Amino acid sequence: MKNLKSMLVAVVAVLVLTAPAWASPQTVTLNVSGMTCPACPITVKKALEKVPGVSKVDVRFEKKQVLVTFDDAKTNTDALVKATTNAGYPSQPEKATN
Ligand SMILES: [Cu+2]
């Protein structure tokens, strides 16, 4: 019985120590200087929405910015930048996340 109890304690300790950080939604602002006409944001938005983990894309065309909300367990800022770049719109994160 004593062994079982200490084993349980050990298992719980391992779970606590190795549990992955819970996924939390992150928002990043991407500066997309190539959005020069009102049709551009549609392309950028579609490219970002295709990235797994992206839950919201909010284009601020007048500021040439895109606000992207994503699950940081599934994707990251680099992947978002790549997605817009591959669509023909290189972007830069306004500030680094994590
Ligand atoms: Cu355009």
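Scope of the values below: all heavy atoms of this structure, side chains included, with no hydrogens, waters or symmetry mates. Order of appearance sets the numbers: ligands from 1, and atoms from 1 within every ligand. Not measured: the values here are computed from a predicted model.
- Around the Cu ion (ligand 1), the protein atoms of type N, O or S that sit closer than 2.8 Å are Cys37 SG, Cys40 SG.
- Thr84 contributes a side-chain N or O that, together with a main-chain N or O of Tyr89, makes up a donor-acceptor pair within less than 3.5 Å.
- With no hydrogens or angles considered, a side-chain donor-acceptor pair links Gln65 and Asn31 at under 3.5 Å.
- Screening Asp72, Asn76, Thr75, Asp71 against Gln26 for a side-chain hydrogen bond (donor to acceptor under 3.5 Å, both in side chains) leaves a single residue, Asp72.
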Show every donor-acceptor pair shorter than 3.5 Å between a side-chain atom in residues 51-58 and any protein atom, with sequence neighbours excluded, or say none if there are none.
residue	atom	partner	partner atom	Å
Ser55	OG	Thr69	O	3.3
Asp58	OD2	Arg60	NH2	2.9

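- With sequence neighbours left out, the salt bridge (charged side-chain N to carboxylate O under 4.0 Å, His left out) criterion links Lys45 to Glu49.
- Partners of Asn86 under the side chain to side chain contact (heavy atoms under 4.5 Å, CB included) rule, at least two apart in sequence or in another chain, do not exist in this structure.
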